[in-house]
There are 2 protein chains.
Amino acid sequence: MTRLKRTKIPQSVVKRLTKYLTFVQGLRMSGVEWVSSQDVADALGMTSSTVRQDLSHIDFHGISKRGYETRGFHKVLAKVLGADTVWNMIVVGAGNLGKALALHEEFPRRGYNICGIFDNDPRKMGRKVGRFAVQDIRDMPRFISNGKIDVGIVAVPASAAQSVADMLIIARIRGILNMTLTHVVAPKHIVVIDSRIVANLFELSHAITAAR
Amino acid sequence: MTRLKRTKIPQSVVKRLTKYLTFVQGLRMSGVEWVSSQDVADALGMTSSTVRQDLSHIDFHGISKRGYETRGFHKVLAKVLGADTVWNMIVVGAGNLGKALALHEEFPRRGYNICGIFDNDPRKMGRKVGRFAVQDIRDMPRFISNGKIDVGIVAVPASAAQSVADMLIIARIRGILNMTLTHVVAPKHIVVIDSRIVANLFELSHAITAAR
DNA sequence: TAGATTGTTAATCGATTAACAATC
DNA sequence: TAGATTGTTAATCGATTAACAATC
């Protein structure tokens, strides 16, 4: 039974672990059984030193001359990232983005189950999004406590982001995926991760502009 | 006329500039005319030192005792991030996520215009996504060169990500927004920014798990 | 065995924070 | 003026890379 290490893994390392997970999963699907730190580094554009240093945060070991067994590698990465368990999520905001996320097959395929979608617009309530009917946001707190919901995805207009986050926090959600541009404030026992697509577009247009 | 500085701005700084832009835009909308580095830091959960250090990369200056004028601050951030110009984008992949992105009002509102959506599935071709008909991916290269397309959003299954990216690269796209989990390889004159929502979910479930 | 590759320590590099003189 | 706040230099902190002994 693989045990997690006590020490906190830096966020920079966690971000790379998500890349390793995807890469190693691909290798397994191709039937590759062993991979070296250099292989990983080459595929993902980094140094083998970084790969080995990152793995030192994890209770998993390679073998000299052979590298890492993909099976165990994949398994431990999934465990460390929480990708080996099932998570219950709700989507708040039934606009185009919220609806798409509620329908995104990739999430349940990976154990991130959508359990409901909420909005505050009465005209949207009851409308079907796949197998879900849009629910009144006022029913959200009860839904969270009844359904053991772990994660709330915030896909509302920026102006409503903080108040929706506050509702989620009061309802004792464990984590928030913030899809809005707004910075969301939360007590530190609640995890907030930003997934701000427009901010990524800013980064992109900056880099294009800056390239000469 | 505001001039951009010569030196390259570190990516860590650029990421924070996107937060400043959103925050300062909100201030302007509320009619606030001046903001101090401490105000920004408090709102976004960082130190005032970081804010001032970040601004040293930019050709914009505050005034002792008053801080920064929001109008100029907003303007220079928009300029540095390329948010003050119009960008032409296409979406590749007409699944739920691709369709939602093609419909996302936030993008054109901010100058990131969707110009078309492509897929390789003949059953999807011709179908309407808002005002767009899904086009054959084989017509993509010509569309890019004819339409002065700057950015390609890759919203296809992970297995197709690299080959789609290669098509975009050959067609001389300037930047790629990668929505898939896969690492995308590109020559260094092509900007690739990852916006991997599932990876953000991994980060989230890791953090929830790691919190004791 | 010989040599490839790990795991870890040490060196380097970069990013964040602290401190403070300049200044409005 | 007095004091708040900038801009920048220096100090600290953390992350990445290099190097190499251990080892399979």
Side-chain angles (χ1 to χ4, degrees), chain A residues 2-3 5-20 23-24 27 32-73 76-77 80 183 203 206 210, chain B residues 2-3 5-20 23-24 27 32-73 76-77 80 183 203 206 210:
Chain A
T2 330
R3 221 171 13 79
K5 282 201 175 169
R6 286 269 72 206
T7 49
K8 189 176 151 296
I9 304 176
Q11 189 62 14
S12 55
V13 175
V14 173
K15 282 196 138 69
R16 283 192 298 267
L17 294 185
T18 70
K19 293 215 144 193
Y20 302 163
F23 177 61
V24 172
L27 291 180
V32 177
E33 286 180 17
W34 293 89
V35 66
S36 72
S37 57
Q38 190 62 57
D39 295 337
V40 177
D42 291 344
L44 303 180
M46 50 185 74
T47 69
S48 66
S49 244
T50 301
V51 176
R52 293 198 301 281
Q53 192 70 273
D54 286 352
L55 293 188
S56 73
H57 294 277
I58 284 178
D59 190 15
F60 174 69
H61 295 270
I63 294 178
S64 286
K65 207 182 163 181
R66 283 205 272 179
Y68 304 90
E69 202 181 2
T70 53
R71 193 176 124 83
F73 198 0
V76 75
L77 287 171
V80 166
H183 177 77
E203 290 176 45
H206 163 76
Chain B
T2 329
R3 221 170 13 81
K5 281 200 176 172
R6 285 268 74 204
T7 49
K8 189 177 153 291
I9 304 176
Q11 188 62 12
S12 55
V13 175
V14 173
K15 282 196 138 69
R16 284 193 296 269
L17 295 184
T18 69
K19 293 215 145 193
Y20 303 163
F23 177 61
V24 172
L27 290 179
V32 177
E33 285 179 20
W34 292 88
V35 65
S36 71
S37 56
Q38 190 62 57
D39 294 337
V40 177
D42 291 345
L44 303 181
M46 51 185 72
T47 68
S48 66
S49 244
T50 300
V51 176
R52 293 197 301 282
Q53 192 69 271
D54 287 350
L55 294 188
S56 74
H57 294 276
I58 284 178
D59 190 17
F60 174 69
H61 294 269
I63 295 175
S64 287
K65 210 184 163 179
R66 284 203 271 179
Y68 305 90
E69 201 180 5
T70 54
R71 192 177 126 84
F73 198 177
V76 76
L77 287 171
V80 167
H183 176 76
E203 291 176 44
H206 164 76

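Bear in mind the structure is a predicted one, so any value in this text is a computation, not a measurement.
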Given that both distances must come in under 3.5 Å, which nucleotide forms a Watson-Crick or G-U wobble pair with D:dC24?
-> C:dG3

Both distances under 3.5 Å, Watson-Crick or G-U wobble: report the partner of D:dA19, or none.
-> C:dT8

The side chain of [X] is closest to which nucleotide in this list: [options]?
X	options	result
A:Ser64	D:dC20, C:dC24, D:dT23	D:dT23
B:Ser49	D:dT17, C:dG7, C:dA19	C:dA19
B:Tyr68	D:dG7, C:dA15, C:dA19	D:dG7
B:Gln53	D:dT5, C:dA19, D:dA10	D:dA10
A:Arg16	C:dA15, D:dT6, D:dT16	D:dT16

Would you say a side-chain N or O of [X] is under 4.0 Å from OP1 or OP2 of [N]?
X	N	result
A:Thr47	D:dT16	no
B:Ser56	D:dT8	no
B:Ser36	D:dT5	no
B:His61	D:dG7	yes

Taking side chain as C-beta onward, heavy atoms only, is B:Asp39 less than 4.5 Å from B:Ser36?
->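 SC-SC contact between B:Asp39 and B:Ser36 confirmed.
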
Could you check if a side-chain atom of A:Val80 sits within less than 4.5 angstrom of a side-chain atom of A:Ile9, using non-hydrogen atoms only?
-> yes

Rounding to an integer number of Å, can you tell me how far [X] [atom1] sits from [N] [atom2]?
X	N	atom1	atom2	value
A:Arg52	D:dC20	CZ	P	13 Å
A:Phe60	C:dT6	CZ	P	11 Å
A:Leu55	C:dT6	CG	C1'	10 Å
B:Gln38	D:dT5	CD	C1'	10 Å
A:Leu17	D:dT16	CG	P	12 Å
B:His57	D:dT9	NE2	P	13 Å
B:Asp54	C:dA18	CG	C1'	16 Å
A:Ile63	C:dG7	CD1	P	9 Å

Rounded to the nearest 0.5 angstrom, the CZ-OG1 distance for A:Phe23 and A:Thr70 is 10.0 Å

Once you round to the nearest 0.5 Å, how far does CD1 of A:Ile63 lie from CD of A:Glu69?
->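 The CD1 atom of A:Ile63 sits 7.0 Å away from the CD atom of A:Glu69.
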
Looking at every strand, decide which applies to A:Ser48 at a 4.0 Å heavy-atom threshold: base, sugar-phosphate, or nothing.
-> nothing

When you check the gap from the basic side-chain N to the acidic O, do A:Glu203 and B:Lys15 get nearer than 4.0 Å?
-> yes

Measure up the A:Phe60 and A:Phe73 rings against each other and bin them: parallel (under 30°), tilted (30 to 60°), perpendicular (over 60°).
->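 Correct class here is parallel.
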
Starting at the 5' end of DNA chain D and moving along, which residue's nearest nucleotide shows up first, A:Lys65 or A:Met46?
-> A:Met46

